Amino acid sequence: MMTVFCALIYFALCTGQHIDHSEVSSTVSTEMSSFELFKRIISDNLTNSLTILLLQIIVILITVRIFSFLFKYIGQPGVMGEIVAGIVLGPSLLGYFFPEFSAALFPPESLMNLNLLSQIGLVLFMFVIGLELDFSVIKDKLNETLVISHAGIVVPFFLGVVAAIWVYADYGAQQAEFLPFAMFIGISMSITAFPVLARIVQERNMTKSPVGMLSIASAANDDVTAWCLLAIVIALAKAGSFVSALYTIALTLVYIAFMFMVMRPFLRKIGDIYANSEVINKTFVGFIFLFLVLSSVATEIIGIHALFGAFIAGVVMPTNIGFRKVMMEKVEDISLVFFLPLFFAFSGLHTEIGLINTPELWGVCLLFIVVAIAGKFGGCTLAARAVGENWKDSLIVGTLMNTRGLMQLVALNIGFEMGILSAQMFVVLLIMSLLTTFMATPMLSLVEKIFAKQEEKAHHHEKVLLSFGRPETGRTLLGMADLLLGHRLQNSQLIATHFTLGTDLNPAKAEEFAEESFIPLREEARHLNLQVDERYQVTDKLIQEMIHVAKKEHVDYLFVGAGQQFMQDNSTAPGKLGKRFTTIARWLKQLKDRPLHLPGTLLRQKLESIMDHVDCSVGIFVNRGFTQASNILLLVDSEDDLFLFNYARTRLGEQSMTIRICFINGQVDKQLESRIMNDFVQIDPHKFVLDKPLTMNTFIENKETLLVMSYTTCEKLSKDQELFAKLPSLLIIRPKQIEFKV
């Protein structure tokens, strides 16, 4: 068939050659060679608008990911790295050092396409911000939230207007009238970056704490109020006078009333219907996106920005957590990962730090930084203190509310596009925004450090920390702690931590994971009649966070899970490839296995890193199909292992359970054997039974056997890899170090 039709096509082409434009063909062929024609085609393709846009997107996405990783590495929110990446791609760095490359990559005529794409991304992003607002949190702390959030708006707004009076003549008179200029400066001082604040609260394990909930609720209320004020300021700026702006403000109020009183109940009913569906179909998703666009268009036509319409569209969405979760999954990733970096890059292209080139301008920049911190941080801190919070929590609230970052950048771009802000004022306010956000993380650490000594009390109760990744591991670790400590758990403070890797997790998913991850642990705690303090945290630095919690809480016992192969992953010596290639191979293996390195499946290097940095006893549980501890086998190698009997005595006083004692090799130290017989076996022969020599075959593959040993003994036993791989579940204990060194 292919042969026949190819022949027919060839015959048709030959027949049609008589209508060929021979003049054009001959002209082209005589003017340039085939290779030159090919080069011209490539050159044209490289300079067309689509190719330039795609190249811009490639460079932006790569740069943003690099800077996001670097900023996360130094403990800053990743979004701050993305903002800085946008500035780096602009005239401040790339355009300054590589002007020709910058001009070729970002020609002025191509910026309109980039701007339109970034605006679409912002519309989607503001929709997600509206979806993330949880009004139930605001209702729970309504009085305190109203005081803190409005103090965080009124105080910095007032100070911003006062600062605007000082700078208007030199830096604002040529751009706009004083009223919109001053009000826009006030708004810039008042905005809180709700998404950045929420990420910081997540990463610092404050989501369920009273101060964390208060901060999130205050920021949510602040967001709604500030964006409404921004809408009014935009109306004033576009209308030109307050009287003419009243029409726009009136239409805005009608729009908001319609959205909350008509559309919100309607969407709630639809949400209830689709909440019971396994899959939200494409028709419904299409309706939601159509509603989002209509809301954005309505606010743009009214005279306020389309972003306000997108934000309100997200706020009025059904409160059903399942519905919001599905919608955020469909919108959030593409808006945050793809579109938002384009907005950062476009913002960076008209951000030139070199515009602040005089002592007077640096003085203005310093003035706005001081005013911003005094207004937002000072106002919110004093307001939190006034509603009854202690000084520590008040300072934390003030620090978190002082973050501006991303939301500030959105507002600044609106002001710049409308001609209210000059390029110089745009850069000044951007630097202020970045600095107030950068200071959040170190300020929180400083506050905690200052108050740590005041809060430190002599703890009369032991502290036990369980750190797990998989939910079922939490139940098992609690069972191991009960098996090892017995009645001591009733008088101990029990803390359970669950970590989720990846700080890009949105708050709705994080809350769902936090709720589900502790269910098996809660069931076991109820069975044992124990109270557990649950801690959930999203982090990119798993081991460091585990060490931080253990040190901060001054725990006496730490229980973690380990992978079945944890003693085998770093035992291979370098071979013919040499150390350098072995290092690369190990790095690639770690990169490949990285998603599996959860707290429930820690490998040897990570466990040793933890043990090197914590001053407490560490219990490592290796689950190999464990069901219940019907048989306990105590493995002993030297007198250093005798501490294990302290745990055995504690537990044996509560229930009748025989513990078998075994030596790991046939050549037993007679003095050690005599001591075990005299001190333990002969005192209570019904509790302890000494087996010699070691009879491992009795216990291999037995799911109801638990081997208890020291970490040193485990290292020796693991040298026989074949035997070690066949052992049942292990509980390995590293006792508290007498001399602790970091």
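Given the structure is predicted, the values throughout are model-derived calculations rather than measurements.
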Sidechain-backbone polar pair: T497 side chain, L466 backbone, donor-acceptor under 3.5 Å: yes
Backbone N/O of L727 and side chain of R624: donor-acceptor pair under 3.5 Å: yes
Side chain to side chain contact (heavy atoms under 4.5 Å, CB included) partners for E523, two or more places apart: R475, I519, R526
Salt bridge present between R535 and E553 (N-O < 4.0 angstrom): yes
Flag, side chain of D533 to backbone of L494, donor-acceptor distance under 3.5 Å: no
Main-chain N/O of V64 paired to S68 side chain as donor or acceptor, under 3.5 Å: no
Heavy-atom side-chain proximity of E534 to H498 below 4.5 angstrom: no
Under the side chain to side chain contact (heavy atoms under 4.5 Å, CB included) test, residues paired with H527 that sit two or more places apart: E524
Results of side-chain hydrogen bond (donor to acceptor under 3.5 Å, both in side chains) for E545 - residues two or more places apart only: Q537
T473 side chain vs G469 backbone, donor-acceptor pair below 3.5 Å: no
Results of side chain to side chain contact (heavy atoms under 4.5 Å, CB included) for D640 - residues two or more places apart only: S638
Derivation of the side-chain contact (heavy atoms from CB on, under 4.5 Å) call for L465 and V549: CA-CA 9 Å; L465 176 62; V549 173; 4.0 Å; yes
Gap between atom CZ of R734 and atom CD of E608 - 0.5 Å precision: 11.0 Å
Basic-acidic side-chain contact under 4.0 Å: E448, K392: no
Residue pair F621, L477: steps toward the side-chain contact (heavy atoms from CB on, under 4.5 Å) verdict: CA-CA 7 Å; F621 179 64; L477 289 181; 4.0 Å; yes
Step-by-step side-chain contact (heavy atoms from CB on, under 4.5 Å) determination, L478 to M480: CA-CA 5 Å; L478 182 56; M480 289 298 105; over 6 Å; no
Sequence-distant partners of S710, side-chain hydrogen bond (donor to acceptor under 3.5 Å, both in side chains), two or more places apart: D641, T713
Test item: H554 side-chain N/O and A550 main-chain N/O as donor-acceptor pair under 3.5 Å: no
Pair F518 and F468, ring centroids less than 6.0 Å apart: yes
D556 vs S617 side-chain heavy atoms within contact, under 4.5 Å: no
Any residue meeting side chain to side chain contact (heavy atoms under 4.5 Å, CB included) with S492, in chain and number order, not counting sequence neighbours: E462, V464
Whether T441 side chain and Q76 backbone form a donor-acceptor pair below 3.5 Å: no
Between CG on residue L635 and CG on residue L644, distance to nearest 0.5 Å: 9.0 Å
Step-by-step side-chain contact (heavy atoms from CB on, under 4.5 Å) determination, V397 to L214: CA-CA 8 Å; V397 169; L214 180 63; 4.2 Å; yes
T399 backbone acceptor or donor facing T403 side chain under 3.5 Å: no
Min side-chain heavy-atom separation V532-I495 under 4.5 Å: no
Result of checking I620, L484, V618 against F559 for side chain to side chain contact (heavy atoms under 4.5 Å, CB included): L484
Side chain to side chain, N390 and F451, heavy atoms closer than 4.5 Å: no
Over 12 foreign heavy atoms within 6.0 Å of OH, Y73: no
